[in-house]
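Notes for the one structure printed next.
Protein chains get the first letters and strands the later ones, always in sequence-line order, with residue 1 at the start of each. Keep in mind that this is a model prediction, so the values were computed, not measured.
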2 protein chains.
Amino acid sequence: MRFEAITIKDIALALGLSTSTVSRALRDSHEISPETKEKVLSYAKENNYKPNPIALSLKEKRSSSIGVLVSEIANSFFSQAINGIESVAQEKGYNVIIAQSKEYFDREVSSMQFLASRSVDGILFSVSAETSDFTHIQQLYNRGMHMVSFDRTVSFGDIHKVSVDNFKAAYEATTLLINNGFNNIACIANASFLSITMERVEGYKAALKDHSIPIIEENIGFCSHGGLIYEEVEEILNKKMLGIHKPDAILACSDKITTNTMRYCQVHKISIPQEVGLLGFSNLDLTDLLSPSLSVVRQPAYEMGRIAAELLINQIASKRPVTQFNNVVLPAELHQRDSTRKK
Amino acid sequence: MRFEAITIKDIALALGLSTSTVSRALRDSHEISPETKEKVLSYAKENNYKPNPIALSLKEKRSSSIGVLVSEIANSFFSQAINGIESVAQEKGYNVIIAQSKEYFDREVSSMQFLASRSVDGILFSVSAETSDFTHIQQLYNRGMHMVSFDRTVSFGDIHKVSVDNFKAAYEATTLLINNGFNNIACIANASFLSITMERVEGYKAALKDHSIPIIEENIGFCSHGGLIYEEVEEILNKKMLGIHKPDAILACSDKITTNTMRYCQVHKISIPQEVGLLGFSNLDLTDLLSPSLSVVRQPAYEMGRIAAELLINQIASKRPVTQFNNVVLPAELHQRDSTRKK
DNA sequence: CTAATTTACGCAAACGATACCGGTTCATTT
DNA sequence: AAATGAACCGGTATCGTTTGCGTAAATTAG
């Protein structure tokens with residue numbers, strides 16, 4: 001037994017009408033008599049008629065679904081962002097179809113193609129750690145796909161973007177470390193070409209400069225695969241912690257890097273904040289329960305998801321082609337806790 | 001400019017063939033000459049032809065998409081499970097459409113209706129904390145919707161189920177607490193009628209019984225809204241911790257309850273494990289970095305998602321109606337850490 | 001009372017792809 | 001030489017819905 005719903009044809013047959021009359025009655029057309037309307041409407045209600053969205057999609061050339069492409073779902077920042085996206089989509093009657101790149105460029109390309117081929121009306125995306133080339137995105141975009149870039153945004157111009165003020169967040173985080181007495185601060189960031197990486201590293205550098213602290217390039221590390229696996233972060237931290245300029249504090253520039261750095265310190269018995277201070281970007285909601293409690297930059301992930309989804313759906317629903325592109329920049333929150341408080 | 005893809009009709013027109021010939025050529029039918037096939041195939045490749053999945057869905061009466069209904073995406077267990085589901089779906093060419101109940105019965109019903117009305121081919125679900133009545137699920141199921149129940153399973157019979165051995169997990173967790181010298185153990189669980197709650201509480205009780213420890217009903221608390229918000233857990237813990245039988249250990253029976261219990265102890269300055277031991281179900285991957293490091297029951301969430309998705313997709317693809325229903329029960333992992341080690 | 005207009009509905013095409021039912025060539029068999 | 005049968009391809013209905021157009025009956029205007 002297959003799952004089958006009642007169709008307009010069934011209603012027409014049952015009531016001795018044509019499908020077009022039924023269709024118009026359901027859409028409350030003026031050229032259907034009140035009595036017929038009433039008959040159709042009540043019959044439809046009784047039999048729980050729901051228009052077939054697939055037939056509608058074929059006809060209207062739109063699917064009422066949006067795709068979301070992120071590097072990893074099981075990541076507090078992205079799952080919160082998806083949460084926001086889903087809430088807006090639900091309100092506006094859209095499906096959310098999710099796909100993951102797992103930080104691989106190839107998987108990003110194929111996932112995006114997958115979404116496009118599944119006729120989503122638009123795509124919300126945050127690029128993978130391996131993505132420095134945006135042609136696959138731009139091609140899709142130029143062919144008319146509605147797209148909104150969030151978090152790790154793209155460099156080309158005419159597209160809505162939603163992110164936090166990464167420069168300011170990193171600047172203030174670094175300043176906090178400096179004000180707490182740390183002066184040899186390492187910065188472990190994501191892949192070097194990502195927007196968030198460049199902005200955060202710039203904020204880090206600017207804070208050092210404004211406090212007359214020399215910028216040491218060896219103090220900056222990049223995780224070319226997003227710090228997704230522990231070993232990647234370990235390798236980079238080994239270079240810093242066993243190097244000549246052993247830092248007295250670390251600024252960890254993403255969720256995964258932060259937790260993996262914490263793990264590194266535990267594994268290698270490096271005490272925080274005595275031996276090294278730690279401040280990380282993180283959206284976990286129990287960073288205050290960690291040992292030590294962790295100073296963090298928290299991004300408004302849920303809000304970012306909501307805004308990005310609203311921009312996308314508005315763009316999809318807009319009659320005229322959109323020419324005004326927003327670059328929404330939200331403030332991040334800085335929470336000071338024990339991991340940056342020298343005894 | 002709208003996003004438009006090339007269709008079979010375009011190919012037919014360009015090559016001076018009929019749509020049916022093109023269709024057959026693309027599907028490698030034997031009744032198309034090799035030359036024609038070659039022409040069609042190369043033209044299709046050149047112009048990046050992708051069959052329109054919506055048209056296919058309408059014709060074949062299947063959408064190649066599955067729905068996932070969970071209480072909350074931003075929850076480590078569910079995001080990992082969705083991760084597993086998505087990986088299988090990707091392999092088999094299915095979309096994953098997600099919906100959240102937020103632990104509300106009403107939202108579960110409407111979300112499930114939403115998924116059904118969007119013509120998903122099947123639904124993977126874990127019921128909300130408020131769901132004691134399964135008629136909305138059973139109705140959909142009886143109308144022929146393919147469904148697989150995971151984690152918080154349903155009570156009716158003929159349906160695939162995937163879960164962990166909750167009884168055993170709770171039994172062993174409780175036994176660990178007992179063996180570590182705790183003997184007045186509170187159990188804070190999810191809503192009382194959920195499968196996972198009943199099984200875990202039974203496991204807890206059985207362990208007490210087997211160790212000749214009396215079962216005190218006041219030591220058992222239920223979070224009727226899943227412990228999603230802190231205040232709910234706080235209220236229940238207040239009753240236990242300020243009551244007559246103040247427990248010396250707590251078994252927290254879900255992700256959210258575990259972290260909120262930990263938060264409670266911090267807020268109320270209750271030292272773990274000195275004043276109270278804590279062992280919780282949790283799928284966070286930094287419970288070892290908490291203060292103190294947390295003893296946990298960890299569920300194979302990714303694996304559960306994979307298995308559930310495979311069962312569902314196999315059922316969808318099956319020609320004959322499925323009569324054999326699996327009840328997959330996986331083992332959970334018990335990790336002993338400091339939160340259960342009395343000094 | 002005729003002519004014009006309105007009302008209320010049906011017919012059929014369209015969206016993209018598939019599949020059944022034919023039909024037209026040739027080559028092979030009796 | 002006629003019949004059979006592959007081989008190859010086109011026409012068309014179909015999925016469920018919307019919509020432009022056509023048209024009969026009913027109403028109104030002149």
Side-chain angles (χ1 to χ4, degrees), chain A residues 2-41 43-44 47-65 93 116-121 143-144, chain B residues 2-41 43-45 47-65 93 116-121 144:
Chain A
R2 294 280 304 112
F3 185 83
E4 297 206 14
I6 183 176
T7 74
I8 262 188
K9 211 176 281 184
D10 298 325
I11 302 180
L13 208 65
L15 265 45
L17 294 168
S18 76
T19 58
S20 40
T21 303
V22 174
S23 172
R24 272 186 275 250
L26 289 168
R27 325 197 88 241
D28 201 27
S29 163
H30 64 276
E31 48 179 331
I32 301 295
S33 71
E35 307 88 64
T36 308
K37 259 183 208 173
E38 174 50 30
K39 269 203 301 190
V40 171
L41 254 46
Y43 186 91
N47 296 75
N48 193 31
Y49 168 78
K50 292 266 169 54
N52 182 321
I54 292 183
L56 232 52
S57 297
L58 184 60
K59 188 98 181 79
E60 307 290 324
K61 291 177 173 298
R62 46 191 216 85
S63 61
S64 290
S65 65
S117 76
R118 306 301 289 190
S119 319
V120 294
D121 295 341
R143 284 170 57 206
Chain B
R2 297 277 304 109
F3 185 83
E4 297 205 17
I6 183 176
T7 74
I8 254 186
K9 210 176 282 183
D10 298 327
I11 301 180
L13 208 65
L15 266 43
L17 295 168
S18 76
T19 58
S20 37
T21 304
V22 175
S23 172
R24 269 184 288 244
L26 290 168
R27 325 198 89 240
D28 201 27
S29 162
H30 64 274
E31 48 182 334
I32 301 293
S33 71
E35 306 88 63
T36 309
K37 257 182 209 172
E38 174 51 29
K39 269 204 298 189
V40 171
L41 253 45
Y43 187 89
K45 177 141 281 183
N47 296 76
N48 194 30
Y49 168 79
K50 293 267 168 55
N52 182 324
I54 293 183
L56 231 53
S57 298
L58 185 59
K59 185 100 179 76
E60 307 289 324
K61 291 176 176 298
R62 47 190 213 87
S63 60
S64 290
S65 63
S117 77
R118 306 300 290 192
S119 321
V120 293
D121 295 341

Is [X] close enough to [N] that one of its side-chain N or O atoms is under 4.0 Å from OP1 or OP2 there?
X: A/Lys61; N: C/dA14; answer: no
X: B/Ser33; N: D/dC9; answer: yes
X: B/Tyr49; N: C/dG16; answer: no
X: A/Lys59; N: D/dC15; answer: no
X: B/Thr7; N: C/dG16; answer: no
X: A/Ser23; N: D/dT18; answer: yes

Can you tell me how far [atom2] of [N] sits from [atom1] of [X], to the nearest Å?
X: B/Asn52; N: C/dT18; atom1: CG; atom2: P; result: 10 Å
X: B/Lys39; N: D/dC8; atom1: NZ; atom2: C1'; result: 13 Å
X: B/Leu56; N: C/dA19; atom1: CG; atom2: C1'; result: 13 Å
X: B/Ile11; N: C/dA17; atom1: CD1; atom2: P; result: 8 Å
X: A/Arg62; N: C/dC15; atom1: CZ; atom2: P; result: 17 Å
X: A/Ile32; N: C/dT6; atom1: CD1; atom2: C1'; result: 14 Å
X: A/Lys50; N: D/dT17; atom1: NZ; atom2: P; result: 13 Å
X: A/Glu31; N: D/dT18; atom1: CD; atom2: P; result: 14 Å

Looking at the base of C/dC15, is there any donor atom on it, or on the side chain of A/Glu60, that sits under 3.5 Å from an acceptor on the other one?
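Flag unset: no donor-acceptor pair detected.
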If you compare all heavy atoms of [X] against all heavy atoms of [Y], which two are closest, and at what distance to 0.1 Å?
X: B/Leu15; Y: B/Val40; result: CD2-CA, 3.7 Å
X: A/Ser18; Y: A/Ala12; result: C-CB, 3.8 Å
X: B/Ser119; Y: A/Ile54; result: CB-CD1, 3.7 Å

Quick one: label [X] by what it contacts on the DNA or RNA (base, sugar-phosphate, nothing), any heavy atom closer than 4.0 Å.
X: B/Ser20; result: base
X: B/Arg27; result: sugar-phosphate
X: A/Leu17; result: sugar-phosphate
X: B/Thr36; result: sugar-phosphate

Judged by each residue's nearest nucleotide on DNA chain C, which is more toward the 5′ side, B/Ile54 or B/Arg24?
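With B/Arg24 and B/Ile54 compared, the 5'-side residue is B/Ile54.
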On DNA chain D, does the nearest nucleotide to B/Val22 precede the nearest nucleotide to B/Leu58 from the 5' side, or the other way round? Give the residue.
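In this pair, the answer is B/Val22.
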Between A/Thr7 and A/Asn52, is any pair of side-chain heavy atoms under 4.5 Å apart?
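Not touching, per the 4.5 Å side-chain cut-off.
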B/Tyr43 vs B/Val22 side-chain heavy atoms within contact, under 4.5 Å
no
Pair A/Ser33-A/Thr36, side chain to side chain donor-acceptor pair (under 3.5 Å): steps then yes or no
CA-CA 5 Å; A/Ser33 71; A/Thr36 308; 2.8 Å; yes
